[in-house]
Visitor: 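Here you go, one structure.
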Amino acid sequence: MPVEKLLEGLNDRQLEGVVTTDGPVLILAGAGSGKTRVLTYRTAYLIEKLGVEPYNIMAITFTNKAASEMKDRIANLTGTEGVWVSTFHSACVRILRRFADKIGYDNHFTIYDSDDSKTLMKHIIKDMNLDTKKFKEKTFLNEISSAKNELINEVDYADRFASDYTKKITSRVYLEYESRLRASNAFDFDDLIMKTVELFKTSPEVLNNYQERLHYVMVDEYQDTNTAQFELIRLLSCGRKNLCVVGDDDQSIYKFRGANIYNILNFEKHFPNAKVIKLEQNYRSTQVILDAANDVISNNKGRKKKTLWTEDQGGEKISFRQFDSAYEEAQFIAFDIKSKSVGGAFSYRDDAILYRTNAQSRMLEEKLMQENIPYKIIGGLNFYSRLEVKDILAYLKVIDNGADEIAVRRIINVPKRGIGATTLGKISAFASETGMPFYEALEKSDTIPSIGKASNKIKEFTKLINLFKMESESMSVPELIRLVLELTGYEAELKAEKTDEAQARIENLDELYSKAVSYRDMTEEPTLAGFLEDVALVADIDNREEESEYVVLMTLHSAKGLEFPNVYMAGMEDGLFPGYMTITAGDDGEDMEEERRLCYVGITRAKKHLTMTAAKMRMVRGDMQYSSVSRFVKEIPERLVDGTTYDPSISSSSSSSSASRNSYSDDNVFGGRSVNTNYGSGFTESTMRKSHIATATKAPVYGTKIQRGNLDYNQGDRVSHRKFGEGTVVDIADGKRDYEVTVEFDTAGKKKMLASFAKLEKI
DNA sequence: GGTTTGAAACTTTTT
DNA sequence: GTTTCAAACC
């Protein structure tokens, strides 16, 4: 499409954002104002109109999802895939893979996720003989993480707090932590950014290389950048000074993770002559929802004033309901979703339930399951944090980077090989005395006198690992996973267990295998290190399939950037949201403003309808907590809300048989009055029952089975694959969770792939 | 060296 | 209510 045609669909402000290409630009984009559109069109404009090479453009996002979405949209607009679209973390990994040796690391480094960091810290605390009662690994890790986000390395930290007693211990821990990371040839999450900045500062020629290449740099979600990320962006864009950042200070919700809201508030100070463009027209929500959002956020002081508006005047009022217990709250939400689905107002994919803390999901999950509503919980325990998945990944890490001590220690006795803590302690001591890497010490274990006969067991382990290492040279990642599962006996052990839990673990391992297959088939140059990298850098939110017919449950944080026709915000109570800590920290400080921004994010996710719910009583950590309605609800003008004046609950007539355990007592003041207003007229027991059957889908647990769509090709058909080109289908086997399709490709040879990943198209 | 058991902590949000 | 961790026991 010619660029001129493209630009016609934009409003004036958006257009300005697209064509203002030179110099520093800040686009203050309110929720739903089409910022992604501006960024992608801007890129298209640069390429098509100004003749900029795609190679000279970079766009940085926070999540993989945002990155791949932007990549796709740019590819659709311009037909090129040459623009560097990446998350902060992946971009840094890519840079470090090339140049880590310049700052004293091996380019073949490992990435530690927060679990790995935690394990490492635990060891450190133990080895340094610190009182485990007094010092918790989390405290140290938080402190170190904030330091890294502020670009304070271990040496700076030690200098800076030389005279501070309590920080002195932290400083010693920090030094030890860094030296162990280095010994394991590993970077933790924060290192990826900090070390890249360090690399740029110590190796000007490397920085220069990037500065000359990157004529245009764009950053999405700028309000969530921390100091290290700010510096990274600054350095990268320093060459041509064409930096465009897009963000919304009202949606800055990651302060706890080091995000510095002043990056966006002071943009014009950091980059003199910056052009500021405000996008305030909203294309997502109704005016009612926007008014509510505007009113809530206007209580914040430290912000750049914006007022969202839309041409979509009016809209349904926001529903608010307070219940006696969280149990009834969850019940109401499940019923309401069901009735709206039966009534045809919304389908399940339109619904999202948002909450402040992950712990709230349990009750909601229970109710949805009871009502046979398909759902998916996003966040909480990451797929890759599961025990069995981590175990197998640890094997892969050891194969990839033998220096990774944490990974070696994790698997050396999994499955049981009779190598216990005592032996490991001896090895560890030996390794630190001689200064050799942990794995090397293992291989030389027979020279350690005190080890004795245990060294035979260790020999067997290293022999196994070395075999894997050898095989890995020629094997693809999924093949390697299979080999590990078989030769270690890991899978056999689980199979022998014959419990539900073991079965679930086996399924998770199948899922891991599928992911490896998908990685192999979808990546240009699949490598083991690349797979591990992908795995380390994905968030749960990246896995949402938008077409699938289920309700999603997630925290308000995870919901940023998403939109849903029908949104529920559960647990709108003082003490929960805003959180107890925030309230006691003193009224309306910066913390409270951040909570309010979180509320603003939640409200602006809704396109058509928003429902807020609260419970008077809620079980928190075993005991009952009583709370009043959230102050944020009260900040919404009454005229926009339906239901503030009374206190409804599930009437006994509308509750299904599953409500028998309901602890609800009928003695509340407003009992029975106006109760059914929001259920819709069709909400009777018979429609309920019918809907049970109609929607009797197995509620998906984490890692939903891949939907087995009907394949539109058969054995013998000609198909095409994104990467392998054209070929003939040789075989279609009915695998456990998906069809396994074998295709003889004309150029790439015979490949076996999972149908849902391969995205084969019939020709 | 491995398994069982009871106590204690945990809950804010996560790339 | 759940998970994690260390001590005591096999």
Side-chain angles (χ1 to χ4, degrees), chain A residues 60-67 86-93 111-115 117-119 122 125-126 132-133 136-138 141-142 145 148-149 187-193 220-221 224-226 228-229 252-259 326 354-363 366 378-382 384-385 387 412-425 452-454 457 533 536-542 554-561 571 575-583 585 591 594-595 597-599 601-602 618-625:
Chain A
I60 313 177
T61 65
F62 272 89
T63 65
N64 295 296
K65 186 171 189 273
S86 167
T87 65
F88 274 101
H89 295 272
S90 329
C92 288
V93 170
I111 301 163
Y112 273 10
D113 65 21
S114 21
D115 276 341
S117 302
K118 209 166 133 192
T119 312
K122 235 175 251 167
I125 291 175
K126 205 169 209 170
T132 47
K133 290 269 175 322
K136 283 180 217 124
E137 65 269 13
K138 232 172 134 187
L141 285 171
N142 280 339
S145 174
K148 288 186 176 180
N149 287 335
F187 289 114
D188 71 12
F189 254 140
D190 304 307
D191 276 340
L192 295 177
I193 318 281
D220 193 16
E221 305 281 14
D224 288 328
T225 51
N226 60 36
Q229 286 157 341
S252 163
I253 54 174
Y254 283 108
K255 187 181 160 201
F256 71 94
R257 215 172 59 197
L354 311 180
Y355 36 78
R356 181 66 234 269
T357 64
N358 275 313
Q360 287 167 257
S361 66
R362 192 177 306 256
M363 181 75 74
E366 203 177 290
I378 309 257
L381 189 60
N382 190 311
Y384 295 107
S385 332
L387 181 89
I412 192 163
N413 204 27
V414 179
K416 301 264 178 309
R417 299 190 177 88
I419 305 170
T422 326
T423 312
L424 282 179
K453 59 182 190 296
K457 297 170 182 166
E533 201 171 290
L537 298 176
V538 292
D540 210 17
I541 189 83
D542 298 327
M554 66 182 119
T555 61
L556 287 155
H557 281 89
S558 311
K560 196 184 64 168
L576 185 62
F577 184 41
Y580 176 72
M581 298 289 270
T582 318
I583 294 173
D591 288 354
E594 174 132 332
E595 293 274 305
R597 289 194 290 270
L598 194 52
C599 183
V601 167
R618 187 183 291 276
M619 280 289 236
V620 179
R621 299 215 277 273
D623 48 23
M624 199 60 86
Q625 195 183 75

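Both backbone and side-chain heavy atoms feed into the values below; hydrogens, waters and symmetry mates do not. Below, read A as the first sequence line, B as the second, and so on, with proteins coming before strands; counting in each chain starts at 1. As the structure is a prediction and not an experimental result, all values here were calculated from the model.
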Visitor: I'd like to know whether Phe189(A) forms a ring pair (Phe, Tyr, Trp, His ring centres under 6.0 Å) with Tyr112(A), so could you lay out the CA-CA distance, the side-chain angles of the two residues, the decisive distance to 0.1 Å, and finally the verdict.
Guide: CA-CA 7 Å; Phe189(A) 254 140; Tyr112(A) 273 10; over 10 Å; no
Visitor: Classify Ser114(A) by what it touches in the nucleic acid, base, sugar-phosphate, or nothing, heavy-atom distance under 4.0 Å.
Guide: nothing
Visitor: Rounded to the Å, how far apart are Ile111(A) CD1 and dT15(B) P?
Guide: 14 Å
Visitor: How many Å lie between CG on Asp220(A) and P on dT15(B), as a whole number?
Guide: 15 Å
Visitor: Enumerate all atom pairs, one protein N or O and one N or O from nucleotides 2-5 of chain C, separated by less than 3.5 Å.
Guide:
residue	atom	partner	partner atom	Å
dC5(C)	OP1	Lys122(A)	NZ	2.6

Visitor: Does Arg356(A) offer a backbone N or O that forms a donor-acceptor pair with the side chain of Gln360(A) under 3.5 Å?
Guide: yes
Visitor: Rounding to an integer number of Å, can you tell me how far Arg257(A) CZ sits from dT12(B) P?
Guide: 17 Å
Visitor: Considering only heavy atoms and no angle criterion, is a donor-acceptor pair shorter than 3.5 Å present between the side chain of His557(A) and the base of dT14(B)?
Guide: no
Visitor: I want to confirm an ordering. Mapping Gln229(A) and Ile419(A) to their closest nucleotides on DNA chain B, which one lands closer to the 5' end?
Guide: Ile419(A)
Visitor: Please give, in whole Å, the distance from dT12(B) C1' to Ile583(A) CD1?
Guide: 13 Å
Visitor: May I ask you to decide if Lys416(A)'s main-chain N or O and Asn413(A)'s side chain share a donor-acceptor pair within less than 3.5 Å?
Guide: no
Visitor: Tell me: CG of Asp190(A) to P of dT14(B), nearest whole Å?
Guide: 16 Å
Visitor: Which nucleotide wins on minimum distance to the side chain of Thr423(A), given the candidates dT14(B), dT15(B), dG1(B)?
Guide: dG1(B)
Visitor: In whole angstroms, how far is the C1' atom of dG1(B) from the NZ atom of Lys457(A)?
Guide: 7 Å
Visitor: Are side-chain N/O atoms of Asp190(A) and Ser145(A) paired as donor and acceptor at under 3.5 Å?
Guide: yes
Visitor: For DNA chain B, whose closest nucleotide is more 5', that of Lys416(A) or that of Tyr254(A)?
Guide: Lys416(A)
Visitor: Look at Thr555(A) and dT12(B) and indicate whether a side-chain polar atom (N or O) is within less than 4.0 Å of OP1 or OP2.
Guide: no
Visitor: Between dG2(B), dT15(B), dT13(B), which nucleotide has the shortest distance from any of its atoms to the side chain of Phe189(A)?
Guide: dT15(B)
Visitor: Does the distance from a Lys or Arg side-chain N to an Asp or Glu carboxylate O, for Asp224(A) and Arg257(A), drop under 4.0 Å?
Guide: no
Visitor: Counting side-chain heavy atoms from C-beta on, which of dT12(B), dT14(B), dT15(B) comes nearest to Thr63(A)?
Guide: dT15(B)
Visitor: Between the protein and nucleotides 9-11 of chain B, are there any N/O to N/O pairs under 3.5 Å, and if so, what are the atom names and distances?
Guide:
residue	atom	partner	partner atom	Å
dC10(B)	OP1	Lys136(A)	NZ	3.4
dT11(B)	OP2	Lys138(A)	NZ	3.0

Visitor: What does Asn358(A) touch in the nucleic acid at a heavy-atom separation under 4.0 angstrom: a base, only the sugar-phosphate, or nothing?
Guide: sugar-phosphate
Visitor: Can you tell me how far P in dT13(B) sits from the matching atom in dT4(C), rounded to whole Å?
Guide: 15 Å
Visitor: Who pairs with Thr422(A) by side-chain contact (heavy atoms from CB on, under 4.5 Å), at least two apart in sequence or on another chain?
Guide: Lys426(A)
Visitor: Would you please indicate yes or no on a ring centroid separation below 6.0 angstrom for His557(A) and Tyr355(A)?
Guide: no
Visitor: Side-chain N or O of Thr582(A) versus OP1/OP2 of dT12(B): is the shortest distance under 4.0 Å?
Guide: no
Visitor: Contact class for Gly418(A) (heavy atom, under 4.0 Å): base, sugar-phosphate, or nothing?
Guide: sugar-phosphate
Visitor: How many angstroms lie between atom NZ of Lys560(A) and atom OG1 of Thr63(A), to the nearest 0.5 angstrom?
Guide: 8.5 Å
Visitor: Could you give the CD1-to-P distance, from Ile378(A) to dT14(B), as a whole number of Å?
Guide: 12 Å
Visitor: Under 3.5 Å, is there a donor-acceptor pair between the Thr87(A) and Ser90(A) side chains?
Guide: yes
Visitor: Measure from the side chain of Asn413(A), starting at C-beta and using heavy atoms only, and say which of dG2(B), dT14(B), dT12(B) lies closest.
Guide: dG2(B)
Visitor: Rounded to the nearest 0.5 Å, what's the gap from SG on Cys92(A) to CD1 on Ile193(A)? Could you check?
Guide: 4.0 Å
Visitor: I need the CG-P distance between Leu141(A) and dT14(B), as an integer number of Å.
Guide: 17 Å
Visitor: Between Thr555(A) and Ser558(A), is a side chain to side chain donor-acceptor pair (under 3.5 Å) present by the stated rule, with each step listed?
Guide: CA-CA 5 Å; Thr555(A) 61; Ser558(A) 311; 2.9 Å; yes
Visitor: Report yes if at least one side-chain N or O of Thr87(A) is closer than 4.0 Å to OP1 or OP2 of dT15(B); otherwise report no.
Guide: no
